[in-house]
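Heads up: the structure comes next, in structure tokens.
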Amino acid sequence: MPKVGMEPVRRKALVDAALRVIGDHGSLAVTMSDIARQAGVSPALAHHYFGSKEQLLIETIRSLLRQLRRDTVAALKAAKTPRARLSAVIRVNFHADQFAPGTIAAWLAFYAEAQRSEETRRFLVIYARRLRSNLLADLKALLPTDAAERIAEGAAAMIDGLYIRQSLKSAPIGIEASIALTEDYLNALLAATSPSPRRGEDVRRTDEGVSDAGANGRKAETAAPSSGPAGHLLPEGRRDHQIEPPEGQLT
């Protein structure tokens with residue numbers, strides 16, 4: 001029998017091991033024995049905690065999404081202006097931990113799985129909704145709704161595309177370069193679309209290649225990417241902490 005109080009520790013160890021094994025294999029074609037071995041426990045104990053490999057894999061993607069949500073909420077709370085919050089969302093989606101090769105491979109494996117698994121697809125849609133929502137909420141404070149929606153779609157697609165590019169080991173794009181490209185996109189469209197000089201000032205460039213508000217709102221330690229579709233199923237712009245996940249799933 002497992003020791004009393006060890007369940008949370010063992011479950012986390014198995015989830016972490018699943019992420020590493022999936023990343024190493026580059027697919028979900030792994031066994032419970034592979035994962036248990038990586039975690040240093042027996043396959044029987046892994047089955048005791050999760051029941052099946054499929055349940056463990058679902059918990060693994062839940063874990064990735066929970067961490068991303070925690071990082072996003074913290075970054076948004078630290079940012080003080082709409083433009084600073086946009087920069088915070090961008091940086092959070094390019095966190096160094098998420099740029100680890102194994103994590104990138106695991107995300108891509110989950111996207112492949114979503115083509116046949118409705119449950120996996122549902123979790124990835126949650127991610128896409130959150131990303132678009134976080135961008136749209138603050139873009140709508142700066143721009144008319146139609147322009148905000150268009151730019152949110154483009155920025156979300158750019159974040160996802162740059163993340164996927166990391167899987168091309170021959171031509172990777174680093175974290176800071178990815179952030180700068182996305183900031184350039186936002187700055188250009190905000191300046192072109194902004195109806196007032198004040199809004200134009202909010203997106204002026206600095207020597208660091210980002211907006212003044214964005215630079216002031218950055219928190220380098222809270223940045224965590226992800227990959228996913230550009231979230232077209234979203235309600236009107238609400239930030240991450242205003243979106244409640246399906247009951248019992250991601251909290």
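Computed from heavy atoms alone, side chains included, the values below leave out hydrogens, waters and symmetry copies.
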For the pair [X] (side chain) and [Y] (backbone), establish whether a donor and an acceptor sit closer than 3.5 Å, ignoring hydrogens and angles.
X      : Y      : answer
Thr193 : Leu189 : yes
His48  : Ala44  : no
Ser63  : Glu59  : no
Arg11  : Tyr49  : yes
Lys53  : Leu28  : yes

With a 4.5 Å limit on heavy-atom distance, are the side chains of [X] and [Y] in contact?
X      : Y      : result
Thr72  : Leu131 : no
Val15  : Phe50  : yes
Asn134 : Leu86  : no
Leu64  : Phe110 : yes
Leu186 : Ile90  : yes
Phe94  : Glu176 : no
Ile61  : Leu124 : yes

Do Ser87 and Arg83 meet the criterion of a side-chain donor-acceptor pair at a distance under 3.5 Å? yes
Give the minimum heavy-atom separation between [X] and [Y], together with the two atoms involved.
X      : Y      : result
Leu135 : Ala156 : CD1-N, 3.7 Å
Arg10  : Val41  : NH1-CG1, 3.9 Å
Ile35  : Ala17  : O-CB, 3.6 Å
Ala109 : Ser27  : CB-CA, 3.8 Å
Ala79  : Arg85  : CB-CG, 3.5 Å
Lys80  : Ala78  : CE-O, 3.6 Å

Does the side chain to side chain contact (heavy atoms under 4.5 Å, CB included) test come out yes or no for Gln115 and Arg121, once each step is laid out? CA-CA 7 Å; Gln115 304 308 305; Arg121 179 183 177 278; over 6 Å; no
Listed partners of Thr31 passing side chain to side chain donor-acceptor pair (under 3.5 Å), at least two apart: Asp34
Partner set under side chain to side chain donor-acceptor pair (under 3.5 Å) for Asp16, not counting sequence neighbours: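 If we apply the side chain to side chain donor-acceptor pair (under 3.5 Å) test to Asp16, skipping adjacent residues, the hits are Lys12.
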Given the rule in the side chain to side chain contact (heavy atoms under 4.5 Å, CB included) test, do Leu190 and Tyr185 qualify, once you have shown the distances and angles that lead to the verdict? CA-CA 9 Å; Leu190 284 170; Tyr185 170 83; over 6 Å; no
Let me confirm one number: the [atom1]-[atom2] distance from [X] to [Y], rounded to the nearest 0.5 Å.
X      : Y      : atom1 : atom2 : answer
Arg91  : Glu183 : CZ    : CD    : 8.0 Å
Leu45  : Met6   : CG    : CE    : 9.0 Å
Gln55  : Thr60  : CD    : OG1   : 11.5 Å
Ile159 : Ile179 : CD1   : CD1   : 10.0 Å
Ser42  : Arg37  : OG    : CZ    : 12.0 Å
Leu19  : Thr103 : CG    : OG1   : 4.5 Å

Given Arg69 and Leu65, is the side chain to side chain contact (heavy atoms under 4.5 Å, CB included) satisfied, shown in steps? CA-CA 6 Å; Arg69 185 173 189 266; Leu65 291 172; over 6 Å; no
With Arg150, which residues qualify under salt bridge (charged side-chain N to carboxylate O under 4.0 Å, His left out), at least two apart?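 Testing Arg150 for salt bridge (charged side-chain N to carboxylate O under 4.0 Å, His left out), a comparison that skips the adjacent residues, returns none.
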